[in-house]
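Read through the structure below, which is laid out as structure tokens, and then see the notes.
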Amino acid sequence: MARRSRHPIMAGNWKMHHNHLEAIQVVQKLSYRLELKDYDECDVVVCPAFTALRSIQTVLDADNIPMKLGAQNCHWKDDGAYTGEVSPPMLAKLNVSHVIVGHSERRQYFGETDETVNLKVKAVLKHAMTPIMCVGESLEEREAGETDVRVDTQTRGGFAGVKAADAAEAVIAYEPIWAIGTGRNATPEDANATIAIIRRTVRELYGAATADAIRILYGGSVKAGNISALMAMPEIDGGLVGGASLDPDEFARVVQYRK
Ligand code: PGA
């Protein structure tokens, strides 16, 4: 089956939680709970706040932990007079491998648009990191039957000008806004169907090889209790996990969803 050739990803999005001391503890506890084979079976990514990136990088390096480090956002310029922003080369220098781009909270509260998301996706790829580009519909859009159009538009907008080889390496996270932090996850069937739409858009843009290669995650109230059912769906290649990733025990169970 096609999806078996795609390596799953479980990414923890800690949002504005865990100072750097707490973050170190969570990563250490998580690494005690995970076995080496868990990292072979899926990419494990933690995305702490900027203030914890350096500390966690040091822990991962010192203990040779094969966990990957992600950031939650970045600017698209390499440097410049942009007070308060963090650039892709700064992240790359910290061994950051993944950057969440265009999370719905950033779109909703910080004015991010498909255009700025696109600039960020390209900037992250330029510095050899993997963007985790978020797309997803609001409850109003879902109820109006606009889900498919919404994710198609966001995918096209976010990938404008991105080459096929780069697109194949990128990651998309489908996160219905109504499912984020609400305890109300999309059914595995609904998530699968919308991710199939996103993959169809990628196929239209880049062809079948890229569509088969690109990993598309589901996010929105993922937890240990629902991840196996989600991962049983052929289109779902992993999870972008918020609340459940803050607790190392719970996140370890998400990573070990096959058990
Ligand atoms: P949640 O958040 O798992 O807490 O719903 C997911 C996300 O926003 O990435």
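Basis for what follows: all heavy atoms, side chains included, without hydrogens, waters or symmetry-related copies. First listed ligand is number 1; within each ligand, the first listed atom is number 1.
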* Asked: Are H17 and E22 linked by a side-chain donor-acceptor pair shorter than 3.5 Å?
  -> no

Could you list each N/O atom of ligand 1 together with any protein N/O atom closer than 3.5 Å, one pair per line with the distance?
unit_1	atom_1	unit_2	atom_2	d
ligand 1	2 (O)	K15	NZ	3.3
ligand 1	3 (O)	S221	N	3.4
ligand 1	3 (O)	G242	N	2.8
ligand 1	4 (O)	G243	N	2.8
ligand 1	5 (O)	G181	N	2.6
ligand 1	5 (O)	S221	N	2.7
ligand 1	8 (O)	K15	NZ	2.7
ligand 1	8 (O)	H103	NE2	2.7
ligand 1	9 (O)	N13	ND2	3.4
ligand 1	9 (O)	H103	NE2	3.2
ligand 1	9 (O)	E175	OE1	3.3
ligand 1	9 (O)	E175	OE2	2.7

* To do: Go through the structure and list residues passing salt bridge (Lys or Arg N to Asp or Glu O under 4.0 Å) with R54, not counting sequence neighbours.
  => none

* D43: salt bridge (Lys or Arg N to Asp or Glu O under 4.0 Å) partners, not counting sequence neighbours -> R215

* Asked: What residues, two or more places apart in sequence or in another chain, satisfy side chain to side chain contact (heavy atoms under 4.5 Å, CB included) together with N73?
  -> F50, R106, E112, K120

* Got a salt bridge between K259 and E35, using NZ or NE/NH1/NH2 to carboxylate O under 4.0 Å? -> yes

* Asked: Would a hydrophobic clustering, with Ile, Leu, Val, Met, Phe, Trp and Tyr connected at side-chain separations under 4.5 Å, put V44 with I9?
  -> no

